[in-house]
J.: 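One structure coming up, written as C-alpha coordinates, with questions to follow.
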Amino acid sequence: MSSYISERIKIPPGLWSGFRQLGIAPHDVVRSAGLPLTIIAEPEVTTAQYFAIWQAYSELAGDVAQGIIQLATVFETAKYPPTVLATYHARDYRDALYRMARYKQMCPPESLRITEEGEHCTIELGWLHPGESGPPVLVGITLACLMELGRRGTGQPVQARSVEFSQPMGDIQTLESYFGCRIQVGGTRNRLMLHLRDLERPFLSYNEELLDILTPALDRSLDEQQRSRSFPETVKWILKRSLTAGRPDIQAVARELGMSDRTLQRRLTEENTSFKHLLTQARHEQAREYLADPALDIKEVAFLVGYEDQNSFYRAFRLWEGNTPSHWRAVHVSTNS
(Lines give C-alpha, C1' and ligand atoms only; values in the text may rest on other atoms or scores of the structure.)
Protein backbone atom coordinates (compact mmCIF):
# COMPACT_ATOMS: atom_id res chain seq x y z
CA MET A 1 0.00 0.00 0.00
CA SER A 2 1.72 3.18 -1.15
CA SER A 3 0.19 5.40 1.56
CA TYR A 4 1.54 2.96 4.17
CA ILE A 5 5.09 3.51 2.90
CA SER A 6 4.89 7.30 2.47
CA GLU A 7 2.99 8.17 5.66
CA ARG A 8 5.15 10.24 8.01
CA ILE A 9 4.97 9.45 11.72
CA LYS A 10 6.29 11.79 14.42
CA ILE A 11 8.73 10.16 16.82
CA PRO A 12 7.30 10.72 20.34
CA PRO A 13 9.46 13.22 22.28
CA GLY A 14 11.36 11.41 25.00
CA LEU A 15 11.23 8.01 23.28
CA TRP A 16 15.00 7.72 22.85
CA SER A 17 15.68 8.97 26.39
CA GLY A 18 13.08 6.47 27.66
CA PHE A 19 15.05 3.68 26.00
CA ARG A 20 18.26 5.02 27.61
CA GLN A 21 16.62 5.02 31.06
CA LEU A 22 16.00 1.31 30.61
CA GLY A 23 19.64 0.74 29.71
CA ILE A 24 18.93 0.25 26.00
CA ALA A 25 21.04 2.43 23.67
CA PRO A 26 19.08 4.11 20.84
CA HIS A 27 21.92 3.13 18.46
CA ASP A 28 21.33 -0.54 19.31
CA VAL A 29 17.59 -0.17 18.65
CA VAL A 30 18.19 1.47 15.27
CA ARG A 31 20.83 -1.08 14.23
CA SER A 32 18.56 -3.95 15.27
CA ALA A 33 15.76 -2.36 13.21
CA GLY A 34 18.05 -2.30 10.17
CA LEU A 35 17.77 1.48 9.85
CA PRO A 36 20.43 4.19 9.36
CA LEU A 37 21.77 5.70 12.60
CA THR A 38 20.89 9.19 11.33
CA ILE A 39 17.24 8.35 11.98
CA ILE A 40 17.75 9.11 15.70
CA ALA A 41 17.99 12.81 14.84
CA GLU A 42 14.94 12.70 12.53
CA PRO A 43 11.66 14.12 13.90
CA GLU A 44 9.59 11.94 11.54
CA VAL A 45 9.84 8.44 10.05
CA THR A 46 7.70 6.27 7.77
CA THR A 47 5.11 3.93 9.30
CA ALA A 48 7.26 0.93 8.32
CA GLN A 49 10.32 2.46 10.04
CA TYR A 50 8.25 3.35 13.12
CA PHE A 51 7.01 -0.23 13.46
CA ALA A 52 10.58 -1.53 12.94
CA ILE A 53 11.86 0.68 15.82
CA TRP A 54 9.22 -0.70 18.20
CA GLN A 55 9.84 -4.29 17.11
CA ALA A 56 13.59 -3.83 17.65
CA TYR A 57 13.00 -2.36 21.14
CA SER A 58 10.79 -5.33 21.99
CA GLU A 59 13.49 -7.81 20.96
CA LEU A 60 16.17 -5.96 22.94
CA ALA A 61 13.92 -5.70 26.00
CA GLY A 62 13.64 -9.50 26.02
CA ASP A 63 10.02 -10.15 26.97
CA VAL A 64 7.21 -8.17 25.27
CA ALA A 65 5.25 -7.71 28.51
CA GLN A 66 8.33 -6.54 30.45
CA GLY A 67 9.19 -4.10 27.66
CA ILE A 68 5.66 -2.67 27.78
CA ILE A 69 5.46 -2.13 31.54
CA GLN A 70 9.02 -0.84 31.96
CA LEU A 71 8.69 1.82 29.27
CA ALA A 72 5.12 2.85 30.17
CA THR A 73 6.06 3.43 33.81
CA VAL A 74 9.46 5.09 33.23
CA PHE A 75 8.19 7.62 30.67
CA GLU A 76 8.11 11.07 32.26
CA THR A 77 4.88 13.05 31.92
CA ALA A 78 6.82 16.28 31.39
CA LYS A 79 8.34 14.86 28.19
CA TYR A 80 4.97 14.21 26.55
CA PRO A 81 4.02 16.37 23.53
CA PRO A 82 1.24 19.01 24.01
CA THR A 83 -1.34 16.61 22.53
CA VAL A 84 -0.75 14.20 25.44
CA LEU A 85 0.19 16.79 28.06
CA ALA A 86 -3.26 18.39 27.68
CA THR A 87 -4.88 15.12 28.76
CA TYR A 88 -2.97 15.14 32.07
CA HIS A 89 -4.52 18.49 32.94
CA ALA A 90 -8.10 17.41 32.12
CA ARG A 91 -10.97 17.74 34.58
CA ASP A 92 -11.37 13.99 35.18
CA TYR A 93 -10.43 10.59 33.72
CA ARG A 94 -13.30 10.67 31.21
CA ASP A 95 -12.35 14.13 29.94
CA ALA A 96 -8.72 12.97 29.64
CA LEU A 97 -9.59 9.82 27.66
CA TYR A 98 -11.80 11.67 25.17
CA ARG A 99 -9.11 14.32 24.69
CA MET A 100 -6.57 11.54 24.12
CA ALA A 101 -8.79 9.90 21.47
CA ARG A 102 -9.45 13.24 19.76
CA TYR A 103 -5.85 14.46 19.61
CA LYS A 104 -4.51 10.99 18.73
CA GLN A 105 -5.77 11.78 15.23
CA MET A 106 -2.82 14.19 14.95
CA CYS A 107 -0.29 11.52 15.98
CA PRO A 108 -0.87 8.36 13.95
CA PRO A 109 -0.49 5.45 13.31
CA GLU A 110 -2.62 4.39 16.30
CA SER A 111 -6.22 5.53 16.78
CA LEU A 112 -8.56 5.14 19.75
CA ARG A 113 -12.32 4.51 19.75
CA ILE A 114 -14.23 4.94 23.04
CA THR A 115 -17.66 3.50 23.84
CA GLU A 116 -19.54 3.65 27.14
CA GLU A 117 -22.11 0.98 27.88
CA GLY A 118 -23.67 -0.17 31.13
CA GLU A 119 -21.06 -0.23 33.88
CA HIS A 120 -18.01 -0.20 31.64
CA CYS A 121 -16.08 1.87 29.12
CA THR A 122 -14.25 0.20 26.22
CA ILE A 123 -11.28 1.77 24.42
CA GLU A 124 -10.43 -0.02 21.19
CA LEU A 125 -7.13 0.45 19.41
CA GLY A 126 -7.20 0.86 15.64
CA TRP A 127 -4.68 1.89 13.00
CA LEU A 128 -4.29 4.72 10.52
CA HIS A 129 -4.63 2.26 7.64
CA PRO A 130 -7.34 -0.37 8.20
CA GLY A 131 -5.90 -3.87 7.95
CA GLU A 132 -2.43 -3.00 9.20
CA SER A 133 -1.27 -4.10 12.62
CA GLY A 134 1.56 -2.67 14.66
CA PRO A 135 4.02 -4.73 16.74
CA PRO A 136 2.57 -6.24 19.95
CA VAL A 137 4.81 -4.02 22.11
CA LEU A 138 3.34 -0.85 20.55
CA VAL A 139 -0.20 -2.14 21.10
CA GLY A 140 0.60 -2.90 24.74
CA ILE A 141 2.38 0.43 25.34
CA THR A 142 -0.61 2.35 23.95
CA LEU A 143 -3.08 0.63 26.28
CA ALA A 144 -0.69 0.76 29.27
CA CYS A 145 -0.27 4.52 28.76
CA LEU A 146 -4.05 4.91 29.10
CA MET A 147 -3.79 3.17 32.49
CA GLU A 148 -0.87 5.42 33.44
CA LEU A 149 -2.99 8.42 32.47
CA GLY A 150 -5.72 7.36 34.91
CA ARG A 151 -3.35 6.43 37.73
CA ARG A 152 -1.09 9.48 37.52
CA GLY A 153 -3.99 11.86 36.89
CA THR A 154 -6.22 10.65 39.74
CA GLY A 155 -3.48 9.54 42.14
CA GLN A 156 -5.47 6.30 42.58
CA PRO A 157 -4.46 2.69 41.72
CA VAL A 158 -7.06 2.45 38.93
CA GLN A 159 -7.47 -1.09 37.60
CA ALA A 160 -8.88 -2.35 34.31
CA ARG A 161 -12.00 -4.50 34.04
CA SER A 162 -10.51 -6.60 31.23
CA VAL A 163 -7.90 -6.36 28.47
CA GLU A 164 -7.91 -8.13 25.10
CA PHE A 165 -5.00 -8.47 22.69
CA SER A 166 -5.05 -9.99 19.21
CA GLN A 167 -1.40 -11.16 19.31
CA PRO A 168 0.84 -13.02 21.80
CA MET A 169 2.13 -10.58 24.43
CA GLY A 170 4.85 -12.46 26.29
CA ASP A 171 4.56 -13.00 30.06
CA ILE A 172 0.81 -12.62 30.64
CA GLN A 173 1.19 -12.68 34.45
CA THR A 174 3.30 -9.51 34.26
CA LEU A 175 0.53 -7.78 32.30
CA GLU A 176 -2.24 -9.09 34.59
CA SER A 177 -0.35 -7.78 37.61
CA TYR A 178 0.00 -4.35 35.95
CA PHE A 179 -3.53 -3.95 34.58
CA GLY A 180 -5.12 -5.61 37.63
CA CYS A 181 -7.35 -7.93 35.61
CA ARG A 182 -7.44 -11.02 33.44
CA ILE A 183 -5.70 -10.67 30.05
CA GLN A 184 -7.06 -12.38 26.95
CA VAL A 185 -4.78 -12.99 23.96
CA GLY A 186 -5.58 -14.26 20.48
CA GLY A 187 -8.78 -12.21 20.29
CA THR A 188 -10.08 -10.30 17.29
CA ARG A 189 -9.37 -6.86 18.75
CA ASN A 190 -6.99 -4.87 20.94
CA ARG A 191 -9.00 -3.19 23.65
CA LEU A 192 -8.99 -1.99 27.24
CA MET A 193 -12.18 -2.14 29.30
CA LEU A 194 -12.46 0.18 32.31
CA HIS A 195 -14.98 0.46 35.15
CA LEU A 196 -17.29 3.35 34.32
CA ARG A 197 -17.13 4.62 37.91
CA ASP A 198 -13.39 5.30 37.49
CA LEU A 199 -14.10 7.74 34.66
CA GLU A 200 -15.74 10.07 37.20
CA ARG A 201 -12.55 10.36 39.24
CA PRO A 202 -11.22 13.95 39.25
CA PHE A 203 -7.68 14.69 38.15
CA LEU A 204 -5.30 16.09 40.78
CA SER A 205 -3.40 17.81 37.97
CA TYR A 206 -6.50 19.58 36.57
CA ASN A 207 -5.40 22.98 35.25
CA GLU A 208 -8.18 25.03 33.68
CA GLU A 209 -5.88 27.95 32.75
CA LEU A 210 -3.42 25.72 30.93
CA LEU A 211 -6.26 23.93 29.09
CA ASP A 212 -7.62 27.31 27.99
CA ILE A 213 -4.27 27.93 26.30
CA LEU A 214 -3.63 24.42 24.91
CA THR A 215 -7.12 23.43 23.71
CA PRO A 216 -7.71 26.18 21.08
CA ALA A 217 -4.20 25.70 19.66
CA LEU A 218 -4.61 21.92 19.44
CA ASP A 219 -8.10 22.22 17.95
CA ARG A 220 -6.77 24.61 15.30
CA SER A 221 -3.97 22.17 14.40
CA LEU A 222 -6.46 19.30 14.19
CA ASP A 223 -8.85 21.35 12.06
CA GLU A 224 -6.03 22.33 9.69
CA GLN A 225 -5.01 18.70 9.37
CA GLN A 226 -8.59 17.60 8.71
CA ARG A 227 -9.18 20.42 6.21
CA SER A 228 -6.45 18.92 4.04
CA ARG A 229 -9.07 16.20 3.49
CA SER A 230 -12.64 17.10 2.53
CA PHE A 231 -15.15 16.69 5.38
CA PRO A 232 -16.78 13.59 3.84
CA GLU A 233 -13.30 12.06 3.33
CA THR A 234 -12.51 12.64 7.02
CA VAL A 235 -15.76 10.95 8.06
CA LYS A 236 -15.06 8.04 5.69
CA TRP A 237 -11.52 7.72 7.10
CA ILE A 238 -12.92 7.42 10.64
CA LEU A 239 -15.50 4.88 9.44
CA LYS A 240 -12.81 2.72 7.79
CA ARG A 241 -10.88 2.58 11.07
CA SER A 242 -14.02 1.52 12.96
CA LEU A 243 -15.43 -1.17 10.66
CA THR A 244 -13.99 -4.19 12.47
CA ALA A 245 -15.84 -3.16 15.63
CA GLY A 246 -19.14 -3.75 13.80
CA ARG A 247 -21.44 -1.18 12.26
CA PRO A 248 -20.12 2.25 13.35
CA ASP A 249 -22.85 4.57 14.59
CA ILE A 250 -23.17 8.26 13.85
CA GLN A 251 -22.91 9.23 17.54
CA ALA A 252 -19.45 7.62 17.87
CA VAL A 253 -18.16 9.32 14.72
CA ALA A 254 -19.62 12.69 15.76
CA ARG A 255 -18.01 12.37 19.20
CA GLU A 256 -14.62 11.67 17.59
CA LEU A 257 -15.02 14.81 15.48
CA GLY A 258 -15.98 16.85 18.57
CA MET A 259 -19.53 17.67 17.39
CA SER A 260 -23.12 16.53 17.87
CA ASP A 261 -24.62 13.91 15.57
CA ARG A 262 -27.11 16.54 14.37
CA THR A 263 -24.26 18.87 13.35
CA LEU A 264 -22.52 15.97 11.60
CA GLN A 265 -25.70 15.15 9.64
CA ARG A 266 -26.14 18.81 8.67
CA ARG A 267 -22.52 19.12 7.50
CA LEU A 268 -22.85 15.98 5.36
CA THR A 269 -26.13 17.22 3.86
CA GLU A 270 -24.37 20.47 2.92
CA GLU A 271 -21.76 18.31 1.13
CA ASN A 272 -24.56 16.49 -0.76
CA THR A 273 -23.93 13.17 0.95
CA SER A 274 -25.11 11.19 4.00
CA PHE A 275 -23.68 9.06 6.80
CA LYS A 276 -25.29 5.93 5.32
CA HIS A 277 -23.80 6.63 1.89
CA LEU A 278 -20.29 7.17 3.32
CA LEU A 279 -20.56 3.99 5.40
CA THR A 280 -21.47 2.04 2.26
CA GLN A 281 -18.55 3.64 0.38
CA ALA A 282 -16.14 2.86 3.23
CA ARG A 283 -17.22 -0.80 3.26
CA HIS A 284 -17.04 -1.08 -0.53
CA GLU A 285 -13.56 0.50 -0.77
CA GLN A 286 -12.19 -1.58 2.10
CA ALA A 287 -13.72 -4.78 0.71
CA ARG A 288 -11.91 -4.24 -2.62
CA GLU A 289 -8.65 -3.51 -0.79
CA TYR A 290 -8.89 -6.63 1.40
CA LEU A 291 -9.98 -8.90 -1.46
CA ALA A 292 -6.87 -7.84 -3.37
CA ASP A 293 -4.87 -9.58 -0.61
CA PRO A 294 -5.01 -13.34 -1.31
CA ALA A 295 -3.86 -14.07 2.26
CA LEU A 296 -7.30 -13.09 3.58
CA ASP A 297 -10.16 -15.51 3.10
CA ILE A 298 -13.57 -14.11 2.21
CA LYS A 299 -15.03 -14.82 5.65
CA GLU A 300 -12.27 -12.66 7.17
CA VAL A 301 -12.95 -9.90 4.65
CA ALA A 302 -16.64 -9.92 5.60
CA PHE A 303 -15.69 -9.48 9.27
CA LEU A 304 -13.11 -6.75 8.53
CA VAL A 305 -15.71 -4.62 6.75
CA GLY A 306 -18.24 -5.02 9.55
CA TYR A 307 -20.52 -7.88 8.46
CA GLU A 308 -21.40 -10.52 11.03
CA ASP A 309 -22.22 -13.16 8.43
CA GLN A 310 -20.80 -13.98 5.03
CA ASN A 311 -24.18 -14.02 3.24
CA SER A 312 -24.91 -10.37 4.08
CA PHE A 313 -21.49 -9.44 2.73
CA TYR A 314 -22.09 -11.43 -0.48
CA ARG A 315 -25.42 -9.66 -1.07
CA ALA A 316 -23.88 -6.22 -0.48
CA PHE A 317 -20.88 -6.94 -2.71
CA ARG A 318 -23.09 -8.10 -5.60
CA LEU A 319 -24.96 -4.80 -5.36
CA TRP A 320 -21.66 -2.86 -5.50
CA GLU A 321 -19.81 -4.81 -8.17
CA GLY A 322 -22.46 -6.92 -9.93
CA ASN A 323 -20.32 -9.92 -9.04
CA THR A 324 -19.42 -12.24 -6.15
CA PRO A 325 -16.36 -11.48 -4.00
CA SER A 326 -14.63 -14.69 -5.14
CA HIS A 327 -15.18 -13.93 -8.84
CA TRP A 328 -14.04 -10.31 -8.37
CA ARG A 329 -10.89 -11.58 -6.63
CA ALA A 330 -10.17 -14.13 -9.38
CA VAL A 331 -10.41 -11.43 -12.05
CA HIS A 332 -8.42 -8.91 -9.99
CA VAL A 333 -5.61 -11.32 -9.14
CA SER A 334 -5.32 -12.62 -12.71
CA THR A 335 -5.17 -9.11 -14.21
CA ASN A 336 -2.57 -7.95 -11.70
CA SER A 337 -0.36 -11.03 -11.49
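Count residues from 1 along the sequence.
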J.: If Ile, Leu, Val, Met, Phe, Trp and Tyr residues are connected whenever their side-chain heavy atoms lie under 4.5 Å apart, and connections chain through other members, are M100 and L204 in the same group?
T.: no
J.: I'd like to know if L37 and I53 are part of one continuous hydrophobic network [Ile/Leu/Val/Met/Phe/Trp/Tyr, side-chain heavy atoms within less than 4.5 Å].
T.: yes
J.: Before you tell me yes or no, could you show the steps for Q286 and L304 under side-chain contact (heavy atoms from CB on, under 4.5 Å), namely the whole-Å CA-CA distance, both residues' side-chain angles and the distance that decides it to 0.1 Å?
T.: CA-CA 8 Å; Q286 285 306 110; L304 288 168; over 6 Å; no
J.: Taking the side chain as everything from C-beta on, heavy atoms only, tell me whether F51 gets closer than 4.5 Å to I9.
T.: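 Result no, sub-4.5 Å side-chain heavy-atom pair not found.
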J.: With distance as the sole criterion, is a donor-acceptor pair present between the side chains of Y57 and D28 under 3.5 Å?
T.: no
J.: Quick one: are Y314 and R318 in side-chain contact, heavy atoms under 4.5 Å?
T.: no
J.: First locate atom CD of E110, then atom SG of C145, and finally report the distance between them rounded to the nearest 0.5 Å.
T.: 9.5 Å
J.: Taking all heavy atoms of L268 and all of F275, pick out the closest pair and write down the distance.
T.: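 Nearest heavy atoms, L268 then F275: CD1-N, 3.6 Å.
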J.: Output, in order, the C-alpha distance, side-chain angles, deciding distance and verdict of side-chain contact (heavy atoms from CB on, under 4.5 Å) for V29 and L35.
T.: CA-CA 9 Å; V29 175; L35 300 172; over 6 Å; no
J.: Decide yes or no on side-chain contact (heavy atoms from CB on, under 4.5 Å) for R113 and I238, but give the supporting numbers first.
T.: CA-CA 10 Å; R113 183 168 180 256; I238 293 169; over 6 Å; no
J.: Would you mind reporting whether V158 and H195 have side-chain heavy atoms less than 4.5 Å apart?
T.: no
J.: Evaluate the side-chain proximity of Y290 to E300: yes if any heavy-atom separation is below 4.5 Å, no if none is.
T.: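 No, side chains not in contact.
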J.: Between L22 and L175, is there a shared hydrophobic cluster once you connect ILVMFWY residues whose side-chain heavy atoms come closer than 4.5 Å?
T.: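 Yes; tracing contacts between hydrophobic side chains, which count when under 4.5 Å, links both residues.
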J.: Give the minimum heavy-atom separation between D63 and Q66, together with the two atoms involved.
T.: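 Closest approach of D63 to Q66, heavy atoms only: OD2-N, 3.1 Å.
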J.: Where is the tightest heavy-atom contact between P168 and P136, given as atom of each residue plus distance?
T.: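 Closest pair (atom of P168, atom of P136, distance): O-CB, 3.7 Å.
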J.: If you measure only the distance, is there a donor-acceptor pair under 3.5 Å linking the side chains of R99 and T215?
T.: yes
J.: Nearest 0.5 Å, what's the SG-CE distance between C121 and M193?
T.: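 It is 9.0 Å, given to the nearest 0.5 Å.
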J.: With no hydrogens and no angle check, is any side-chain donor or acceptor of D92 less than 3.5 Å from a backbone partner on E200?
T.: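 Looks like no, no N/O pair under 3.5 Å.
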J.: Ion pair present between E176 and R182, side-chain N to carboxylate O less than 4.0 angstrom?
T.: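 The answer is no: the pair does not qualify as a salt bridge.
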J.: When you compare the side chain of D198 with that of Q159, does any pair of heavy atoms fall below 4.5 Å?
T.: no
J.: Would you say N190's side chain and V139's backbone share a donor-acceptor pair under 3.5 angstrom?
T.: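 Between the backbone of V139 and the side chain of N190 there is no qualifying donor-acceptor contact (under 3.5 Å).
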J.: Is there a side-chain contact (heavy atoms from CB on, under 4.5 Å) between L194 and L97? Walk through the geometry before answering.
T.: CA-CA 11 Å; L194 300 169; L97 288 170; 3.7 Å; yes
J.: Rounded at 0.5 Å granularity, tell me how far OG1 in T273 sits from CD in E233.
T.: 10.0 Å
J.: So, taking the atom named OG in S111 and the one named NZ in K240, what distance separates them when rounded to the nearest 0.5 Å?
T.: 14.0 Å
J.: Looking at CD1 of I40 and CD1 of I11, how far apart are the two atoms once the value is rounded to the nearest 0.5 Å?
T.: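 These two atoms lie 10.0 Å from each other.
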J.: Is a side-chain donor or acceptor of T87 paired with a backbone partner of V84 at a separation under 3.5 angstrom?
T.: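 Yes, T87 side chain to V84 backbone: donor-acceptor pair under 3.5 Å.
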J.: Under 4.5 Å between any side-chain heavy atoms of F165 and L143, yes or no?
T.: yes
J.: Is it true that I114 and Y88 fall in one hydrophobic cluster, defined by side-chain heavy atoms closer than 4.5 Å?
T.: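 In one cluster with I114: Y88, yes.
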J.: Please check if the side chain of S17 supplies one atom and the backbone of G14 the other of a donor-acceptor pair under 3.5 Å.
T.: yes
J.: Check whether any side-chain N or O of S58 sits under 3.5 Å from a backbone N or O of W54 as a donor-acceptor pair, and report yes or no.
T.: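 No; judged by distance alone, with no hydrogens or angles, the pair does not exist.
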J.: Just so I know, are the side chains of V64 and Q167 near enough to count as touching, which here means a heavy-atom distance under 4.5 Å?
T.: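 A side-chain contact under 4.5 Å is absent here.
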J.: Strictly distance-based, threshold 3.5 Å: is any side-chain N or O of S177 a donor or acceptor partner for the main-chain N or O of Q173?
T.: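 No, S177 side chain to Q173 backbone: no donor-acceptor pair under 3.5 Å.
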J.: Are R267 and E271 close enough for a salt bridge, meaning some N to O gap below 4.0 Å?
T.: no
J.: Does this structure show an ion pair linking E119 with R161, if we count only N-O contacts that are shorter than 4.0 Å?
T.: no
J.: Quick check: closest heavy atoms across P135 and Q55, and the distance to 0.1 Å?
T.: CB-OE1, 3.4 Å
J.: Quick one: do the E321 and H284 side chains pair a donor with an acceptor below 3.5 Å?
T.: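 Yes - a donor-acceptor pair under 3.5 Å links their side chains.
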J.: Just checking E116: does its CD atom have more than 12 heavy atoms from other residues, nucleotides or ligands closer to it than 6.0 angstrom?
T.: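 More than 12 within 6.0 Å, yes.
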J.: Return yes if some donor-acceptor pair links the side-chain N/O of Q70 with the main-chain N/O of G67 below 3.5 Å, else return no.
T.: no
J.: Which heavy atom of D261 sits nearest to which heavy atom of Q251, and what is that distance?
T.: OD2-NE2, 3.4 Å
J.: Is there a side-chain contact between N323 and V331, using heavy atoms and a 4.5 Å cut-off?
T.: no
J.: Could you give the distance from CG (L125) to CG (L192), rounded to the nearest 0.5 Å?
T.: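 Answer rounded to 0.5 Å: 10.5 Å.
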J.: Using the six-membered ring wherever Trp is involved, compare the ring planes of W320 and F317 and label them parallel, tilted or perpendicular (cut-offs 30° and 60°).
T.: perpendicular
J.: Return yes if some donor-acceptor pair links the side-chain N/O of E164 with the main-chain N/O of T188 below 3.5 Å, else return no.
T.: yes
J.: May I ask whether L85 and I213 are part of the same hydrophobic cluster, defined by side-chain heavy atoms of I, L, V, M, F, W, Y residues being less than 4.5 angstrom apart, directly or through others?
T.: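 The answer is no; the residues belong to distinct hydrophobic clusters.
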J.: Can a cation-pi geometry be assigned to R315 and Y307, taking NZ or CZ under 6.0 Å from the six-membered ring centre and within 45° of the ring axis?
T.: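 No, cation not above the ring by the 6.0 Å, 45° rule.
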J.: Please report the shortest heavy-atom distance between A90 and L211, naming the atom on each side.
T.: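 For A90 and L211, the tightest heavy-atom pair comes out as CA-CD1, 3.9 Å.
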J.: Is it true that the NZ or CZ of R151 lies under 6.0 Å from the centre of Y178's six-membered ring and within 45 degrees of the ring axis?
T.: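 Positive - R151 is close enough to the ring of Y178 and near enough to its axis.
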